[in-house]
Amino acid sequence: MSKSKVLNLKDKINGNEMDLSLCNLTEVPVKELAAFPKATVLDLSCNNITSLPPEFCNLTHLVKVDLSKNQLTCLPDDLGNLGNLQHLDLYNNKLSVLPVSFSQLRSLKWLDLKDNPLEPNLAKAAGDCLDEKQCKQCASKVLQHMKALQEEVDRAREKRLLKEREVEKKKEAKQKEREAKEREARKREKAEEKEKRRKEYNAQMEALAVQEQQKKRKEEKKRRNGQAADKKAVVESAPKPRRSLIGLLFKFLLLLLLGLAGAAAACQLTDLRKEAVCVPINVAVNDSLSWAREQEGMVRQLVQNLSSMVKELLESTQASKN
């Protein structure tokens with residue numbers, strides 16, 4: 001509302017009563033009314049108000065409210081916040097139900113709900129409201145009715161909350177079960193993967209062992225083949241004996257000696273010894289034999305000396321052992 005209308009509200013105040021009846025209002029000037037907390041009685045009757053704004057429930061200073069002969073089809077859900085409200089006139093509106101919070105109007109002593117299309121149970125609780133006594137009874141019975149509805153709503157809400165909690169618990173249980181299954185599946189997958197890696201590792205080790213054995217066998221075979229080849233090569237590469245000069249000379253001397261021996265034997269043992277050719281040979285042979293006879297005594301003496309020396313050595317050895 002404009003500032004002029006705010007100033008006009010002051011003209012509507014008479015003591016603690018704010019009279020806004022017959023003002024052709026379609027809405028309640030809640031903001032302006034909040035500026036007059038001492039106006040505990042509010043008359044909004046005979047207007048064209050169809051609903052009350054939620055902010056109306058903040059006017060907790062109100063004690064008496066007249067909303068009769070309007071076009072109200074519903075009341076705000078938080079109407080129960082008007083804890084000081086004692087007198088409420090809702091005559092001749094279009095109300096069928098009241099908000100559940102209506103049961104919280106503990107100070108309410110007077111109520112008129114005549115000429116409203118109330119739902120049957122609420123209409124039965126409200127009664128006729130034809131006089132002061134019936135309006136007081138209406139307030140009491142409607143509060144009881146609304147309290148019963150409140151309790152029913154609370155039970156329904158509690159039941160809904162319990163059901164929601166059960167559903168939530170079931171969801172949590174299913175979630176935990178699913179998580180446990182997932183953990184078990186991951187654990188099983190890890191175990192299977194580990195077992196797979198272990199088998200692969202064992203297979204690799206076995207393959208390496210087989211390769212190592214094959215390698216050793218090849219090396220052994222190669223070594224044996226190499227030894228055989230080396231032997232064969234040694235045999236094949238062994239140099240054939242060459243005729244050396246010393247061998248030839250030795251053979252020549254041997255043949256010469258054999259020839260001389262044969263000639264000496266022929267000259268000594270056959271009739272050829274009288275021949276001129278055999279004379280020097282016979283002389284040489286005789287000289288050699290004489291020389292050998294001369295050396296025989298010397299050799300015997302040497303043998304005797306050696307024998308005596310050996311005998312002395314044996315005796316001295318035997319004596320040392322004793």
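Side chains are part of it too, since the values below use all heavy atoms of this structure and drop only hydrogens, waters and symmetry mates.
Side chains of Tyr91 and Asp112: a donor-acceptor N/O pair is absent below 3.5 angstrom, by distance only. When only modelled atom types and interatomic distance are considered, Lys94 and Gln71 share a side-chain donor-acceptor pair under 3.5 Å. For the residue pair Glu206/Asn202, the side-chain donor-acceptor check at 3.5 Å is not satisfied. Using modelled atom types and a 3.5 Å distance limit, the side chains of Asn47 and Asn24 yield no donor-acceptor pair.
In this structure a side-chain-to-backbone donor-acceptor pair under 3.5 Å is present from Asp19 to Ser21. Not a single donor-acceptor pair under 3.5 Å links the side chain of Asn84 to the backbone N or O of Leu62. Under the 3.5 Å distance criterion, the side-chain polar atoms of Asn58 are left unmatched by any main-chain donor or acceptor of Phe56. Side-chain atoms of Lys114 come within 3.5 Å of backbone atoms of Cys129 as a donor-acceptor pair (strictly under, hydrogens ignored). In this structure a side-chain-to-backbone donor-acceptor pair under 3.5 Å is present from Ser103 to Val100. Of the possible donor and acceptor atoms, none in the side chain of Glu195 sits under 3.5 Å from a partner among the backbone N and O of Ala191. Checking side-chain atoms of Asp131 against main-chain N and O of Gln134 turns up a donor-acceptor pair under 3.5 Å. For the pair Asn92 (side chain) and Lys69 (backbone), a donor-acceptor distance under 3.5 Å is absent. Without hydrogens or angle criteria, Asn16 side chain to Thr40 main chain gives no donor-acceptor distance under 3.5 Å. Although no hydrogens or angles enter the test, the distance criterion places a donor-acceptor pair under 3.5 Å between the side chain of Asp43 and the main chain of Ser45.
Taking the charged nitrogens against the carboxylate oxygens, Arg224 and Glu220 do have a contact shorter than 4.0 Å, which makes a salt bridge. In summary, Lys181 and Glu177 engage in a salt bridge, as defined by a charged side-chain N under 4.0 Å from a carboxylate O. A salt bridge links Arg165 with Glu158: the distance from a Lys NZ or Arg NE/NH1/NH2 to an Asp or Glu carboxylate oxygen falls below 4.0 Å.
At a threshold of 4.5 Å between non-hydrogen side-chain atoms, the residues Glu168 and Glu164 do not count as touching. Contact annotation: the side chain of Arg186 approaches that of Arg183 to within less than 4.5 Å [non-hydrogen atoms, C-beta and beyond]. The closest side-chain heavy-atom distance from Glu184 to Arg188 is below 4.5 Å. Looking at Leu67 and Leu72, their side chains come closer than 4.5 Å, going by heavy atoms from C-beta outward. In this structure, the side chains of Leu88 and Phe102 come closer than 4.5 Å at one or more pairs of heavy atoms. Using a 4.5 Å heavy-atom cutoff, the side chains of Val63 and Val41 are not in contact. Taking 4.5 Å as the limit, every side-chain heavy atom of Asn225 sits out of range of all side-chain heavy atoms of Lys222.
Residues Trp110 and Ala139 approach most closely at N-CB, 3.6 Å, considering heavy atoms. Between His145 and Asn121, the shortest heavy-atom contact is CE1-CB, 3.7 Å.
Taken to the nearest 0.5 Å, the CG atom of Leu52 stands 7.5 Å off from the CG atom of Leu79. Atom CG of Leu122 and atom NZ of Lys141 lie 13.0 Å apart (nearest 0.5 Å). A distance of 8.0 Å separates CG in Asp66 from SG in Cys46, rounded to the nearest 0.5 Å. One distance of note links CG of Leu25 with CG of Asn48; it measures 8.5 Å at 0.5 Å rounding.
Other residues, nucleotides and ligands place no more than 12 heavy atoms under 6.0 Å from the CG atom of Asp77. Within 6.0 Å of the CD atom in Glu17, the count of heavy atoms belonging to other residues, nucleotides or ligands exceeds 12.
If you chain together hydrophobic residues whose side chains sit under 4.5 Å apart, Val30 and Leu9 fall into the same group.
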